[in-house]
Structure formats: structure tokens, C-alpha cells
K.L.:
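The structure that follows is given in the form of C-alpha cells.
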Amino acid sequence: MLNRREFIAATAGLATLGGRTARGFGADGFKPVRETPLKAGYWGTQFYDEKELQQLSEVHSRRQPFRWYGPGNQAPGKVAAFEKEWAERMQTRFALAVTSGTAALQTALASLQIGPGDEVILPAWTWHSCFNAIVLAGALPVFAEIDESFNIDPADIESKITPQTRAIMVAHLQGNPCDMDSIMALANRHGLKVLEDCAQSVGASYKGRPLGSIGHIGIYSLQLNKSITAGEGGAVVTHDPLLFERAARFHDLGALRPPHEKILGKPSLEWFIAPQFRMNEFSGGVLLAQLRKLDSIVAAVRNNARLVYEGIRDLPGLHSRRLPDPAGELGSAVFLGFTSKRQCEEYMRAMSKENVPAHPPAGSVILPVLRHIEQKVTVHPAWPSFNTERGKSIRYGAECCPKTLDILSRFAGVSLDPRFTRRETDDIVAAIRRVYPTIVGG
Ligand SMILES: Cc1ncc(COP(=O)(O)O)c(C=O)c1O
């Protein structure tokens, strides 16, 4: 006779044989919580309406797709307006629009004057862009472990600091703010700069302060998977006029255009050699419309997460992802933790049978184990990052992030959507309540 847990494990295994999903039977062998699988959508595009169209139409009819000039007597102003409203929303002195979150990271590192010989600490679990931007700056990336928030573990940062360390790149992943009090205290003790990567947490906050406004410089992505979007796009924020000037110049070939010069007052820098990451007016217009909806999108998804957390709060032994500021997180997903990978996989199989799929932490990559990172493959063999003594000797691979590998193998979550109905959040609660106790208690 199988006990309940063994039954679930056995039937869940059968159900996924050959990639087929069993229909009509839930994890306990009876009717599943839902008839069809629940699926979260892309957030920003669900809110596209006549506001985005109006912005696009204005750029189109004025024939002004370029942010700095164009035909007609009125100067283009979509990207400029977006920058102004972004700085206000993020409570920073300055904001700069760029072409992507990756471009924003490169711009922010340049703005901090990170270059060859410098080391930057980043989490082992984050997006490719973080590592790539450090290498593209000619600097050396040094990985730190994550903790159960899935964000960089402040306790592991200190042991990674060397005399060459210049900055800590923290990434607020999947809507969850990092432990910024500990990180800022540590950075201040060691005289390091903090770059906040808010790509996956646009609109989230930490202890009442918008993410991006706490460190020395912050970046955002406005690509499709993010809170709001124009398909592609990015932004850089800072309170520091010198960092802003260097960022504004870096994103535009080294030049400082009159509108940015006006915002700054008096420039402090000369031309320097730089790439070109300017945002166009179509993107600026769409992002302006989306930004004006950001707070309602965030409120909706947060409310859905609250309903789920409240609905499962009394489950005995509930182990969820660590939230350094529960009021500030976006609520992108509700992650639960298990004591082993096997138990976590059982949970995912059972949730899938209830048509409320749970998935492992997503949207980032365990970077040190990627082949091209482990082997330090760069576009040119003499790339500065890996040609110093330290660059040659640093080891990546699984050995530098055992804790990260372990944590990520033991958590699974259900993604949330700002447009989920009460019925859908109730389904999530019902599925977790049915499945979780049988897995952890059985
Ligand atoms: C943590 C993080 N940083 C940076 C980026 C880069 O943003 P983009 O795709 O806009 O270049 C992403 C994109 O997913 C990300 O998740």
C-alpha cells in the first residue's frame, strides 16, 4: 500500500512520461484544482492601450523619431520627458534613457570608471549581462554566493573583497529587493561603489525607497519580460552629477548634448571615447505611457501575491523565499523551499498535475558553470580581464558557488500576473494547500 506521498510521486512520474501531461487527475488522484494550466503573461504589454498608440502616433505624425532633433519647429521631447518622470518616480536626481538594460550596465560601470585592473563582485546567479558588462569594461568579475532571497549574500561578499575590488554589483532578482542595509554598510566600510541592477524589479522598493536610488548608481531594463516595456530599453539613475555626466557622455559617443548640459548646470568633463546607446523617440513615447501605469501594475501584482501569501500562511512548517522587505517586493512569484532537490521536484510534478505549475527560480543563470565563462572566452585573446596574474588564476565553475547551486535546486515557485483574477489566486492557494503539506509532511 502506497502512502499519500509515494502515490503522488509515482503518479506524477507516470504523468510526465514521454513529455505528456495527465489530464483529469490532480496530485491526489482526483479532480485537479484547475481544468487548464495557469500561466502568467508578460506584464507591460497586457496594459498596452490607446495611451501607447497616442505616443507613437505623435512621434509618427511629427516625423521625429530621433531624440535630439528633427523636422518642425517643436523639439522632440518623448525621451526627455521619460527621463524626467523616471527620475521623479525613482526619487533620484538624474535619469538617463538608453537602449537596453545591458547598455545601462555598461554605461553605469563606465560612469564609475571601472576598467582594467579593477574587480567587481557580482552574484553567481544573475543574468549574462552582468558578467559581460564587467568583462566588456576590461575589469575582472568575482562571484559571490546567493542566499535564500536568491540575491547576493551580504555575508559572502566580504570574503571576496581584495585590494583591487572597486564595486559591488547587486541584482534585485525576480522582484525581490536585496538586503541593502547590510550591503551599503559593507560597501561604506570598504570604500566600494554599489551598482544596483533593478532590471527584474522595476517598481519595487526597499524600506520605502525605490530600488536604484539606494546605491551610487542604478540600472533598469525595459525589455519585454520586465514590469513595463517598449520591447527593448533601459535606464540609468544616480544622485551624483559627475556620475550622471559621465553616463550621459558615455551613452552618446563622449558628447554632452545641450539638454543634458542644461540639467547638469556646469559640465565637469571633456570628451572621451565611448559607444552610442541613445534611445529613440518611439521607445521613449511608449515608455512614457507605460511608466504612467507602473504603479497600478505593481499594485495589482503585489495584491495578488498578498492574497497567495495570506492564503497559505498557516501551513505548518512553511518555508518561503527570504524577503528582505516583504512590503517592497513586487510579488513576481511565490517560491517555496524544500529540504532536498528530490522533494522540490516532487512538489513541481504534483503542482503541474493540479494545473498550477511551479517552476525552479528562472530569468537568471548560474553563470560560473557556463562553459564560456569557466573557460574565460573573450572576443580577443588579449582581453585585459583575464590577462593579469589575478585574471589568469581566478577559477570559475561549480567550485565557486556550491551554496548557490544547492539553494536553487531546492526552491520552486508559481509565477504571478497583475491580471490574475481572484479565482486564479484562489486556485494557486488551493493547489499549494493540497500539495505542499503532503510533500513536506508525508
Ligand atoms: C538582472 C538583469 N540585468 C540586466 C539585464 C539586461 O537587460 P536587457 O535585456 O534589457 O539588456 C537583464 C535582462 O533580463 C537582467 O535580468
Side-chain angles (χ1 to χ4, degrees), residues 40 42-45 79 82 86 90 95-112 114 120-137 141 143-144 146 149-152 167-178 180 183 194-204 206 211-212 215 217-237 247 250-251 275-280 283-284 286-287 290-291 294 329-330 332-333 359-368 370 373 404 408 413 415:
Y42 301 107
W43 296 4
T45 49
V79 179
F82 168 73
W86 193 265
M90 300 308 168
L96 176 75
V98 292
T99 45
S100 69
T102 308
L105 280 170
Q106 289 182 248
T107 304
L109 287 169
S111 172
L112 295 169
I114 303 290
V120 178
I121 298 173
L122 79 166
W125 162 256
T126 182
W127 190 239
H128 299 269
S129 315
C130 300
F131 184 89
N132 294 6
I134 298 167
V135 174
L136 288 172
F143 289 112
I146 61 162
S149 65
F150 309 165
N151 291 330
I152 195 162
I168 309 168
M169 181 189 282
V170 302
H172 307 284
L173 296 175
Q174 281 199 299
N176 194 20
C178 295
M180 289 308 289
I183 290 164
V194 174
L195 190 172
E196 284 182 78
D197 178 340
C198 318
Q200 297 183 15
S201 299
V202 175
Y206 177 77
L211 298 187
I217 195 159
I219 75 98
Y220 309 83
S221 167
L222 302 157
Q223 179 265 350
L224 176 66
N225 300 87
K226 310 309 185 312
S227 307
I228 55 171
T229 188
E232 298 278 13
V236 181
V237 293
F250 186 81
H251 108 297
Q276 194 279 79
F277 296 146
R278 292 181 305 247
M279 182 180 281
N280 70 69
S283 297
V286 170
L287 289 169
Q290 286 265 285
L291 173 56
L294 176 64
E329 77 137 347
L330 290 185
S332 316
H359 54 81
S364 292
V365 187
I366 304 173
L367 293 168
L370 299 180
I373 288 184
T404 299
L408 295 171
S415 290

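Both ligands and their constituent atoms are indexed starting at 1 by order of listing. What you are looking at is a predicted structure, and each value in this text was computed from that prediction instead of being measured.
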K.L.:
Return yes or no for this condition: an N or O of Gly101 is under 3.5 Å from an N or O of ligand 1.
P.N.:
yes
K.L.:
Flag the pair Ile228 / Trp43 as yes when at least one side-chain heavy-atom distance between them is below 4.5 Å, and no otherwise.
P.N.:
no
K.L.:
Please classify the Thr126 to ligand 1 contact at 4.0 Å (heavy-atom distances, strictly less than): side chain, backbone, both or neither.
P.N.:
side chain
K.L.:
Should Lys226 be listed as contacting ligand 1, given a heavy-atom distance under 4.0 Å as the test?
P.N.:
yes
K.L.:
Among side-chain atoms of Gln174 and Asn176, is any donor-acceptor pair under 3.5 angstrom?
P.N.:
no
K.L.:
Give a yes-or-no answer on whether the side chains of Ser332 and Gln200 include a donor-acceptor pair shorter than 3.5 Å.
P.N.:
no
K.L.:
How close do Ile152 and Cys178 get, heavy atom to heavy atom, and via which atoms?
P.N.:
CG2-SG, 4.5 Å
K.L.:
Output the distance between atom CG (Asp197) and atom OG (Ser129), rounded to the nearest 0.5 Å.
P.N.:
8.0 Å
K.L.:
If I compare all heavy atoms of Leu330 with all of Gly203, which pair ends up nearest, and what's the gap?
P.N.:
CD2-C, 3.8 Å
K.L.:
Any N or O of Thr102 that comes nearer than 3.5 Å to an N or O of ligand 1?
P.N.:
yes
K.L.:
Nearest heavy-atom pair of Ala171 and Asn151: which atoms, and what distance?
P.N.:
O-OD1, 3.1 Å
K.L.:
Please write down residue, atom name and distance for the protein heavy atom closest to atom 3 (N) of ligand 1.
P.N.:
Asp197 OD2, 2.6 Å
K.L.:
Among all protein non-hydrogen atoms, which one is nearest to atom 6 (C) of ligand 1, and what is the separation to 0.1 Å?
P.N.:
Ser129 OG, 3.2 Å
K.L.:
Please check whether Glu232 reaches ligand 1 - meaning an N/O of the residue sits under 3.5 Å from an N/O of the ligand, judged on distance alone.
P.N.:
no
K.L.:
Just jot down the ligand 1 atoms closer than 4.0 angstrom to any heavy atom of Ser100, in number order.
P.N.:
10 (O), 11 (O)
K.L.:
Describe, in one word, how the ring planes of Phe131 and Phe143 are oriented to each other, choosing from parallel (under 30°), tilted (30 to 60°) and perpendicular (over 60°).
P.N.:
parallel
K.L.:
Of the listed options (Gly234, Gly233, Ser221), which comes nearest to atom 10 (O) of ligand 1 when hydrogens are ignored and any heavy atom counts?
P.N.:
Ser221
K.L.:
How far is atom 12 (C) of ligand 1 from the closest protein heavy atom, and which atom is that?
P.N.:
Trp127 CD1, 3.4 Å
K.L.:
Among all protein non-hydrogen atoms, which one is nearest to atom 16 (O) of ligand 1, and what is the separation to 0.1 Å?
P.N.:
Gln200 NE2, 2.9 Å
